[in-house]
S.K.: 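Take a look at the following structure, please.
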Amino acid sequence: MSRRVVVTGLGAITPIGNNVEEFWNGLKETKVGIGPITYFDTGDYKAKLAGQVKDFDPKKYMDPKVAKRMEQFCQFAVAATKEALADAALDMEKEDPYRVGVSVGSGIGSLQSIEREHKKLLEKGPGRVNPLLVPLMISNMAAGNVAIQYGLKGKCINVVTACATGTHSIGEAFRAIQYGEADVMVAGGTESSITPIGVAGFSALTALSTSQDPMRASIPFDKERNGFVMGEGAGVVILESLEHAQARGAKIYAELAGYGATCDAYHITSPAEDGSGAAKAMEVAIADAGLKPEDVDYINAHGTSTHHNDLFETKAIKLALGEYAKKVKISSTKSMIGHLLGAAGGVEFIACVKSIEDGFVHATAGLAVDDPECDLDYVKGEGVAMEVNCAISNSLGFGGHNATLLVKKFQG
């Protein structure tokens, strides 16, 4: 018999707030955190906007010496974890550290350190490259640093599935607890890739929006959408077995009840055109939870604002939910914060949990011009106050990776 898994803590660093409360209030107020890139001169770049994290000071979350040995994607993860652990009131003095694990992924790791040290290599030779380059750069260091900072000695993994990273990381943590490998998992995603090579690379793919109007750049499901906007940040949650959470009297936000993971096996960047892979991930997650499509109140869509993604995801929702697809509320968090790549699934899962807790579904910001091919209810205009008993979060990554999580209101 697999164990029930509940959500007991939330932590977020996002372009609209550096904690969960600010992030969630920003979503409710349809606050757009996208603006001109300030990290480097974008004069020669087609894409000029991003969802940057503002006023982030790593010293608020960790020792300054420790912070210096971490790139920003790791700092974001450690900061979001600090909030999540405090929110869950998890006292590591009372826990068996080998029963508390980490599943925090990053799609890319540190492009900043690669750019910086490559310049040194070319200009000053190999002897001048930072001895810490490799541990600063590699994507598993977010999970490693989180574990080191908080003394978490259980299973520690880094799932890397591009834009599906955060969702797969939470899903694999869920399975680890269900199967008895851990009692508690710190799970989510983190990313900080708004760098010259990152922006140039995605631009060369024609994946990024070239709009210079922050309100018309990340506009999922809008007929005028023309690419995604890069964002950054981290979303981390605390998952526990129900028995463990109840034994320590933890506050329970919701129950994570289903996880579906598939691959399109179709194309390195485009989703399958009929939406079949993403649809199957949703079907598997719903079945895993022992529910039916009509039990789903809300879908937090991958909703990137690229032409292909939004069209094929719409087809996928219709395939997975059938006639009921027209009745379900759907919205895209990326409309306000951009696409957080490996962190997207982490923060979007938090949005689903807060929707259940607060009885509110946020709008898809910037959605103004209806696309006849995207004809579902994407919560245009303002958010909706409504009871949310069950929500699903979708993530679709380059390489054909599809992941869906189903979270529902906790009932004892």
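Model, not experiment: these values are computed from the prediction.
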S.K.: Between Arg99 and Glu95, does at least one N-O distance fall below 4.0 Å, as a salt bridge requires?
M.R.: no

S.K.: Say whether Asp295 and Asn389, considering side chains only, have a donor N or O and an acceptor N or O under 3.5 Å apart.
M.R.: no

S.K.: Given Arg225 and Asp310, is the salt bridge (charged side-chain N to carboxylate O under 4.0 Å, His left out) satisfied, shown in steps?
M.R.: CA-CA 9 Å; Arg225 67 190 184 276; Asp310 298 359; 3.5 Å; yes

S.K.: Would a line drawn from the ring center of Phe312 to the ring center of Tyr266 be shorter than 6.0 Å?
M.R.: no

S.K.: Please report the C-alpha distance between Val5 and Gln178 in whole Å, then the side-chain angles of each, then the deciding distance to 0.1 Å, and finally whether the side chain to side chain contact (heavy atoms under 4.5 Å, CB included) criterion is met.
M.R.: CA-CA 7 Å; Val5 178; Gln178 274 189 321; 3.9 Å; yes

S.K.: Looking at side-chain heavy atoms only, is the closest gap between Ser355 and Phe360 below 4.5 Å?
M.R.: no

S.K.: Tell me, yes or no, whether the heavy-atom count around Glu22 atom CD, taken from other residues, nucleotides or ligands under 6.0 Å, exceeds 12.
M.R.: yes

S.K.: Please report the shortest heavy-atom distance between Leu406 and Ala289, naming the atom on each side.
M.R.: CD2-CB, 3.7 Å

S.K.: Going by an N to O cut-off under 4.0 Å, is there a salt bridge joining Glu172 and Arg175?
M.R.: no

S.K.: Would you say the side chain of Ile177 lies within less than 4.5 Å of the side chain of Arg3, judging by non-hydrogen atoms?
M.R.: yes

S.K.: Is any side-chain heavy atom of Asp297 closer than 4.5 Å to one of Ile356?
M.R.: no

S.K.: Any donor-acceptor pair under 3.5 Å linking the side chain of Asn402 with the backbone of Ala281?
M.R.: no

S.K.: Any side-chain heavy atom of Met230 within less than 4.5 Å of one from His339?
M.R.: no

S.K.: Under 3.5 Å, which donor-acceptor pairs link side chains of residues 322-330 to any protein atom two or more places apart or in another chain?
M.R.:
| from | atom 1 | to | atom 2 | distance (Å) |
| --- | --- | --- | --- | --- |
| Tyr324 | OH | Glu294 | O | 3.4 |
| Tyr324 | OH | Val296 | O | 2.6 |
| Lys329 | NZ | Asp377 | OD2 | 2.7 |

S.K.: Taking atom CD1 of Ile197 as the centre, does the number of heavy atoms from other residues, nucleotides or ligands within less than 6.0 Å exceed 12?
M.R.: no

S.K.: Determine whether more than 12 heavy atoms belonging to other residues, nucleotides or ligands lie under 6.0 Å from atom NZ of Lys315.
M.R.: yes

S.K.: Give the intermediate values and the outcome of ring-ring contact (aromatic ring centres under 6.0 Å, His included) for residues Phe56 and Tyr61.
M.R.: CA-CA 10 Å; Phe56 177 77; Tyr61 307 95; 5.4 Å; yes

S.K.: Show your working on side chain to side chain contact (heavy atoms under 4.5 Å, CB included) between Val229 and Leu208 and close with a plain yes or no.
M.R.: CA-CA 6 Å; Val229 172; Leu208 296 185; over 6 Å; no

S.K.: Does some side-chain heavy atom of Lys251 sit less than 4.5 Å from a side-chain heavy atom of Thr8?
M.R.: no

S.K.: Is it the case that over 12 heavy atoms from other parts of the model lie below 6.0 angstrom from the CD atom of Glu115?
M.R.: yes

S.K.: Are any of the side-chain nitrogens in Lys409 or Glu255 under 4.0 Å away from the carboxylate oxygens of its partner?
M.R.: no

S.K.: Less than 6.0 angstrom separating the ring centers of Tyr253 and Phe410, yes or no?
M.R.: no

S.K.: Rounded to the nearest 0.5 Å, how far apart are CD of Gln72 and OG1 of Thr195?
M.R.: 11.5 Å

S.K.: Rounded to the nearest 0.5 Å, what's the gap from OG1 on Thr304 to CD on Glu313? Could you check?
M.R.: 8.0 Å

S.K.: Test side chain to side chain contact (heavy atoms under 4.5 Å, CB included) on Phe76 and Ser192; report intermediate values, then the result.
M.R.: CA-CA 8 Å; Phe76 287 165; Ser192 175; 3.9 Å; yes

S.K.: I'd like to know if Asp375 and Lys318 make a salt bridge, using a cut-off of under 4.0 Å between side-chain N and carboxylate O.
M.R.: yes

S.K.: Can you confirm whether more than 12 heavy atoms, excluding those of Met386, are under 6.0 Å from its CE atom?
M.R.: yes

S.K.: Determine, for Asp57 against Lys59, whether the closest basic-nitrogen to carboxylate-oxygen distance falls under 4.0 angstrom.
M.R.: yes

S.K.: Might you work through the side-chain hydrogen bond (donor to acceptor under 3.5 Å, both in side chains) test for Ser395 and Thr167, ending with a clear yes or no?
M.R.: CA-CA 6 Å; Ser395 293; Thr167 302; 2.6 Å; yes

S.K.: Going through the checks in order, is the side chain to side chain contact (heavy atoms under 4.5 Å, CB included) test met by Phe221 and Leu376?
M.R.: CA-CA 9 Å; Phe221 306 107; Leu376 299 175; over 6 Å; no

S.K.: Tell me if the CG atom of Asp55 is crowded by more than 12 foreign heavy atoms within 6.0 Å.
M.R.: no

S.K.: What's the spacing between Asn226 CG and Ser305 OG if we round to 0.5 Å?
M.R.: 7.0 Å

S.K.: Check this for me: does any side-chain nitrogen of one of Lys334 and Glu348 sit under 4.0 Å from a carboxylate oxygen of the other?
M.R.: yes

S.K.: Hey, could you give me the NZ/CZ distance between Lys28 and Phe23, rounded to the nearest 0.5 Å?
M.R.: 12.5 Å

S.K.: Taking it one step at a time, do Arg248 and Glu240 satisfy salt bridge (charged side-chain N to carboxylate O under 4.0 Å, His left out)?
M.R.: CA-CA 11 Å; Arg248 67 180 194 89; Glu240 297 185 49; 2.5 Å; yes

S.K.: Taking atom NZ of Lys54 as the centre, report whether more than 12 heavy atoms of other residues, nucleotides or ligands fall under 6.0 Å from it.
M.R.: yes

S.K.: Under 3.5 Å, side chain of Ser211 to main-chain N/O of Arg216, donor-acceptor pair present?
M.R.: yes

S.K.: Taking Asp213 first and then Lys48, would you say they form a salt bridge - that is, a charged N and a carboxylate O separated by under 4.0 Å?
M.R.: no

